[in-house]
Amino acid sequence: MQRLRDRQAAQLRAVDAFEAAAGRVLASQERRAAAVARLDATVAAAGTDRDVALVVLADLVGDDAAAEVTGVPVAEVRIARRRAEVDAVRAGVAAVRQAPGRSGRGRRPGGAAARDVGADVPRGPVTG
């Protein structure tokens with residue numbers, strides 16, 4: 001009789017252990033779902049910001065030039081135009097036009113101006 005009680009007690013402990021583990025799994029799944037939902041919202045917001053920034057650039061330089069500068073296909077620029085909110089684009093264009101210029105940062109080393117200066121002068125060791 002004692003053996004039967006011991007066996008039943010062991011079975012109950014095993015069931016309790018399973019239920020505790022199953023509860024931890026469920027809680028972990030719920031935390032993961034909440035974290036993924038937060039990340040999805042962050043990605044969606046970043047995508048919206050990217051679309052607005054791309055359309056702002058396209059408004060200033062044209063779709064083809066914006067595509068070339070950013071390395072995205074022109075079709076993606078046009079898709080961004082459809083997705084971006086008009087008010088956000090207008091605000092972005094206004095902000096870019098009112099922002100101070102980049103002149104304080106100087107030219108980028110090795111930029112186009114650096115490549116063009118003395119292009120016809122041969123490079124090499126100075127002799128003489």
Side-chain angles (χ1 to χ4, degrees):
M1 193 64 154
Q2 184 61 34
R3 226 184 229 193
L4 180 60
R5 285 188 205 132
D6 290 345
R7 184 175 176 166
Q8 288 174 338
Q11 290 171 348
L12 288 174
R13 287 191 301 272
V15 168
D16 289 343
F18 169 79
E19 288 174 346
R24 288 190 304 273
V25 168
L26 183 60
S28 296
Q29 288 172 334
E30 289 170 353
R31 285 193 311 272
R32 180 185 64 194
V36 168
R38 283 190 306 273
L39 289 172
D40 286 346
T42 301
V43 169
T48 298
D49 292 346
R50 179 182 178 270
D51 285 346
V52 169
L54 183 58
V55 175
V56 166
L57 177 62
D59 276 1
L60 296 172
V61 300
D63 289 1
D64 292 337
E68 185 176 333
V69 168
T70 59
V72 300
V74 176
E76 191 170 332
V77 174
R78 293 184 180 135
I79 290 169
R81 279 193 182 281
R82 289 193 298 270
R83 285 192 299 227
E85 292 184 21
V86 174
D87 290 340
V89 172
R90 285 183 184 147
V93 169
V96 169
R97 286 191 172 147
Q98 293 173 0
R102 296 175 62 183
S103 61
R105 292 171 52 186
R107 291 192 183 264
R108 190 177 66 209
R115 285 192 303 270
D116 293 341
V117 173
D120 58 340
V121 177
R123 305 279 185 226
V126 177
T127 57

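Any value given below was found using the heavy atoms of this structure, including those in side chains, with hydrogens, waters and symmetry copies removed. All values derive from a computational prediction rather than experimental measurement.
Across Q8, R3, Q2, a single residue satisfies side chain to side chain donor-acceptor pair (under 3.5 Å) together with D6, and that is Q2.
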Using the rule given for side-chain contact (heavy atoms from CB on, under 4.5 Å), can you reason through E85 versus V52, listing the C-alpha separation, both sets of side-chain angles and the distance that settles it, and then say yes or no? CA-CA 7 Å; E85 292 184 21; V52 169; 5.8 Å; no
Given the rule in the side-chain contact (heavy atoms from CB on, under 4.5 Å) test, do V69 and V61 qualify, once you have shown the distances and angles that lead to the verdict? CA-CA 10 Å; V69 168; V61 300; 5.7 Å; no
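Separation of atoms CG (L54) and CZ (R81) is listed at 8.5 Å; rounding is to 0.5 Å. From L60, atom CG reaches atom CZ of R97 across 5.5 Å, with rounding to the nearest 0.5 Å. The structure places CZ of R83 at 8.5 Å from OG1 of T48, a figure rounded to the nearest 0.5 Å.
A salt bridge links R50 with E76; the closest basic N to acidic carboxylate O contact falls under 4.0 Å.
Note on V93: it clusters hydrophobically with V55, by side-chain heavy-atom contacts below 4.5 Å among ILVMFWY residues.
The shortest side-chain heavy-atom distance between E68 and D64 does not fall under the 4.5 Å cut-off.
Nearest heavy-atom pair across V77 and A58 is CG1-CB, 3.7 Å. In terms of heavy atoms, V56 sits closest to V89 at CG2-O, 3.7 Å. The heavy-atom pair separating P73 from A67 by the smallest distance is C-CB, 4.0 Å.
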